[in-house]
Structures are given as structure tokens and as C-alpha cells.
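Counting convention: from 1, in listed order, for ligands and their atoms alike. Nothing here was measured: the structure is a model prediction, and the numbers come from that model.
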Amino acid sequence: MKNSGLLLASMLPFAMAFEYRVGVGKDETTGRKGLGFDPSVIHPAAGDTITFEFRSGSHSAVQSSFDNPCVGNGGFNSGVHEVPDSLAVDAPGLPVVTVTVNNTEPLWFFDEAGGLCHQGAVLAVNPTAAQSATIFKENAALPPKPASSTSAPASSSTTTAAANDSVTRPANSASGLVASGWLATAAGVVLGGLFM
Ligand SMILES: *[C@@H]1O[C@H](CO)[C@@H](O)[C@H](O)[C@H]1NC(C)=O
Ligand SMILES: *[C@@H]1O[C@H](CO)[C@@H](O)[C@H](O)[C@H]1NC(C)=O
């Protein structure tokens with residue numbers, strides 16, 4: 001299966017550097033101006049590009065991390081892009097920013113300027129079984145994680161027991177699913193190329 005996928009991909013060289021266009025400030029369920037990214041999950045291959053298309057209001061696409069979805073990690077930052085309210089969600093010439101995907105490691109983004117990360121304005125790139133887009137979105141809904149050197153809260157209302165009661169994550173035990181995820185990715189790229 002894996003080999004036939006590779007063979008098919010090699011027969012379609014134009015599909016090898018696929019451009020994923022992701023709307024920012026566009027609701028993926030309604031297709032109108034709104035919260036988040038459209039689509040909010042993509043599976044690019046190494047060498048593909050992501051083009052963020054700013055479709056409404058004031059938004060930015062900023063790279064973050066799986067555990068801390070709403071805090072920039074110092075990586076990619078599109079900058080803030082403003083779109084006049086008078087423009088339609090699919091108006092020509094809206095601002096775009098492109099970033100190249102260099103490998104198939106997961107990448108995580110949020111809309112910093114839009115300010116609605118906690119409500120799900122996040123983008124998952126190449127999520128895995130263990131680090132899924134669903135858990136990423138759940139992480140985004142949580143309060144931000146404190147910085148690494150934490151001191152005891154000034155408020156005396158928290159007990160030692162409560163301080164240890166931190167959010168834990170299930171063990172990453174589903175690595176057997178990675179291979180099938182890879183196949184789905186390859187198929188997606190080929191299909192995406194066919195239907196461009
Ligand atoms: C991929 O590499 C290019 C060139 O070094 C860099 O500009 C870009 O930010 C990288 N992409 C990501 C997602 O880190
Ligand atoms: C909380 O964590 C500290 C340090 O890890 C440990 O010494 C303490 O026993 C823990 N307290 C409870 C109630 O689990």
C-alpha cells in the first residue's frame with residue numbers, strides 16, 4: 001500500500017508541491033466571515049506550502065505548540081492583517097502569507113490578532129493519533145499553562161493538594177496508527193493534486 005501510494009505520487013509530479021490555502025477569519029462550517037481557520041486541519045507533505053488567506057477583520061496566524069495552543073512559540077508569525085468590513089469573504093486580492101512546510105512533523109497555529117484562540121481559532125497541521133486536532137482544540141480551551149518556573153500562588157486559598165491537581169494527558173500509546181495516518185496524508189496529496 002505504502003509503495004503503491006509513492007508510485008502514484010511519483011506519476012503525478014505536479015502534485016508534489018501542493019499549496020494548501022487556509023482562510024483566516026472564515027468560519028469553516030458556514031463558509032462566511034467568522035472565527036478561526038478554514039479548514040482547521042490539513043495534512044501537507046514536506047515541500048508543500050500553506051497560504052494563509054486573510055478573509056475578514058483583523059487576524060494573524062501564529063505558530064504555537066500542542067500543549068500551549070494560544071501562546072506563540074517563536075516560530076512562524078504572519079503579522080496582523082486587516083480587511084475592511086466592506087469586502088466580501090471571497091473578495092479578490094485579499095492579503096495572503098505563505099509558509100513552506102519542511103517536514104511532516106505536526107505544526108500548530110492560532111489566530112493571535114483575532115483573540116478567539118480559546119474558542120477554537122486554531123489550525124492543526126499534520127496532527128497524529130497521539131497529538132490529535134481534537135485534543136489540540138481542547139487544550140486551546142484551557143487556561144494557558146504557567147511558565148516553567150512556577151512559584152506558589154500569592155492567594156492562600158489553594159492547598160498543596162489542589163496545586164498538584166494539574167491537568168494530565170493520556171500516555172502517547174497509539175503510535176501504531178502513525179503509518180495509516182501517513183497513507184491518508186499521501187492519498188490526500190494525490191487527490192488534492194487531481195482535483196486542483
Ligand atoms: C521552512 O524553512 C524555511 C526556510 O528555512 C523557513 O523560512 C520556514 O519558516 C520553515 N517552515 C516552518 C513551518 O518552520
Ligand atoms: C505535591 O507535590 C509535591 C512535590 O512534587 C510532593 O512533595 C507532595 O507530596 C505532593 N502533595 C500531594 C498532596 O500530592
Ligand 1-proximal atoms of Thr100, by part, heavy-atom distance under 4.0 Å: backbone
Which residue and atom name correspond to the protein heavy atom nearest atom 6 (C) of ligand 1, and how close is it? Asn102 ND2, 4.2 Å
What protein heavy atom is closest to atom 9 (O) of ligand 1, reported as residue, atom name and distance in Å? Val99 CG2, 4.1 Å
Ignoring hydrogens and geometry, is there a side-chain-to-backbone donor-acceptor pair from Asn126 to Pro106 under 3.5 Å?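 Not a single qualifying donor-acceptor pair exists.
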Could you pull out the closest heavy-atom pair between [X] and [Y], with the gap in Å?
X     : Y      : result
Pro44 : Val101 : CG-CG2, 3.8 Å
Asp90 : Arg55  : CA-NH1, 3.4 Å
Ala17 : Gly47  : CB-O, 4.0 Å

Do you see a protein non-hydrogen atom under 4.0 Å from atom 11 (N) of ligand 1?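 So atom 11 (N) of ligand 1 has protein heavy-atom neighbours under 4.0 Å.
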Per-atom contact, atom 2 (O) of ligand 1, protein heavy atoms, under 4.0 angstrom: yes
With a 3.5 Å cut-off and no angle check, do the side chains of Thr51 and Thr98 form a donor-acceptor pair? yes
